[in-house]
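Written out below as structure tokens is the structure these notes cover.
Counting starts at 1 for both ligands and their atoms, in listed order.
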Amino acid sequence: MSSLTIIGNWKMNTTPSTARILAAEIRDRLRTDGETDTLVVLCPPAIALESVSGALNGSGIAVGVQNIYPSTSGAFTGEVSPQMARELAEFVIVGHSERRELFGESDEFVGRKVAAASEAGLRPILCVGESLDIRRSGHAERFVSDQLLEGVSRLDNASGLIVAYEPVWAIGTGESATPEITQMMLATLRHALVSRFGEQAASVPHLYGGSVNADNIRDLVRQPDIDGALIGGASLSAESFAAIVKNAAEICA
Ligand code: 13P
């Protein structure tokens, strides 16, 4: 099987108790389907990390957080440090467009988070993606490459990194980017990463995110540079999330 990574980003959905139930349902469906060779990661809200970790214990499904603050500890009210997250999670989503837009996170701040995550032993899932205006202007490739290179600017190597291309216009809209566009964008990003870190970066998983469902996942993972997906809405249903994992794994088998 070629390597496949499927990540669920639950965003600000579920409570600690409903998150436990959803995680257990996903665990049971994937166990039944026998898709444990695929790297599957669930990213619940931070407050549900403990209950989700408990439900997934021994399942082979990993846990990620949706955010961290790039400092070890201190007077940062409301924030979670990478070291705190690392006790319960292996991954962290960084640079999601919702955080860039709603919370004003700059490329520089995203770069600090990526470095802080790596130092703490958390694997960063670095998200990049252009708006519709940027796509129409014809500068999407340059824009996302710059986001990526800023995001990794404090790293010495690409070890542990995951890259996710999430065009803003495809997130939560029901309108996924085409496999062809996605392939081109992820090939561009992989090339930029290899230029920065050398050949070892060629094996960094490159994912697509934006209105992925159990149908469109097939044609996406058929593309050579699409190593999996970062799923929002469809990860909130155990049935649809498990179907995405199953359908993707069939193509990559
Ligand atoms: P949707 O799958 O709901 O479009 O969200 C994608 C996303 O933002 C994942 O991080």
Side-chain angles (χ1 to χ4, degrees), residues 4-14 19 22-23 26 38-46 48-49 52 61-68 85 89-103 105 110 113-114 117 122-132 134-135 140 143-144 147-148 151 161-179 181-182 185-186 189 205-221 223 226-248:
L4 177 67
T5 301
I6 305 286
I7 302 176
N9 173 10
W10 292 358
K11 306 192 180 182
M12 199 174 74
N13 296 290
T14 71
L22 178 57
I26 290 172
T38 303
L39 173 60
V40 179
V41 184
L42 299 181
C43 302
L49 270 182
V52 167
I61 301 174
V63 178
V65 281
Q66 297 175 16
N67 186 34
I68 43 145
E90 291 175 63
F91 296 83
V92 57
I93 298 171
V94 180
H96 194 284
S97 62
E98 287 152 15
R99 294 212 61 89
R100 292 178 190 264
E101 276 177 29
L102 299 171
F103 303 99
E105 294 192 2
V110 169
K113 288 187 177 197
V114 168
L122 280 173
R123 291 186 63 183
I125 303 158
L126 173 55
C127 301
V128 299
E130 81 285 0
S131 66
L132 200 52
I134 292 170
R135 171 143 294 274
F143 182 82
V144 297
Q147 279 187 324
L148 175 64
L161 183 69
I162 294 179
V163 174
Y165 168 57
E166 296 206 313
V168 177
W169 46 272
I171 295 176
T173 59
E175 196 187 317
S176 160
T178 63
I181 287 179
T182 306
M185 296 302 281
L186 285 181
L189 290 169
H206 281 61
L207 315 183
Y208 166 74
S211 299
V212 173
N213 58 42
D215 292 327
N216 60 24
I217 188 68
R218 290 193 182 87
D219 286 339
L220 287 163
V221 295
Q223 301 291 328
I226 307 180
D227 302 318
L230 179 54
I231 324 279
S235 70
L236 292 170
S237 147
E239 187 181 0
S240 60
F241 186 71
I244 290 170
V245 174
K246 184 169 180 288
N247 293 350

With sequence neighbours left out, write down each residue that passes salt bridge (Lys or Arg N to Asp or Glu O under 4.0 Å) with E166, or none if nothing qualifies.
none
Near E166 (heavy-atom distance under 4.0 Å), the atoms of ligand 1 are 6 (C), 7 (C), 8 (O), 9 (C), 10 (O)
Does ligand 1 have an atom that lies less than 4.0 angstrom from a heavy atom of G172?
yes
Under the side-chain contact (heavy atoms from CB on, under 4.5 Å) criterion, do I7 and T5 qualify, and how do the steps go?
CA-CA 7 Å; I7 302 176; T5 301; 3.8 Å; yes
Using a 3.5 Å cut-off on N or O atoms only, is H96 in polar contact with ligand 1?
yes
Distance in Å, T178 OG1 paired with M185 CE, rounded so as to fall on 0.5 Å steps:
11.0 Å
Backbone or side-chain N or O of G233 under 3.5 Å from ligand 1 N or O:
yes
Is any NZ, NE, NH1 or NH2 atom of the basic residue among E130 and R135 found under 4.0 Å from an Asp or Glu carboxylate oxygen of the other?
yes
Near G210, which atoms of ligand 1 are under 4.0 Å from a heavy atom of that residue?
4 (O), 6 (C)
For N67 and K113, what are the C-alpha separation, side-chain angles and deciding distance, and is it a side-chain contact (heavy atoms from CB on, under 4.5 Å)?
CA-CA 9 Å; N67 186 34; K113 288 187 177 197; 2.5 Å; yes
Exam field: side chain S131 to backbone V168, donor-acceptor pair closer than 3.5 Å
no
Under 4.0 Å, heavy-atom basis, I'd like to know which part of N9 is in contact with ligand 1: side chain, backbone, both or neither.
side chain
Is L230 close to ligand 1, meaning an N/O of one under 3.5 Å from an N/O of the other?
no
Check: G232 N/O within less than 3.5 Å of ligand 1 N/O
yes
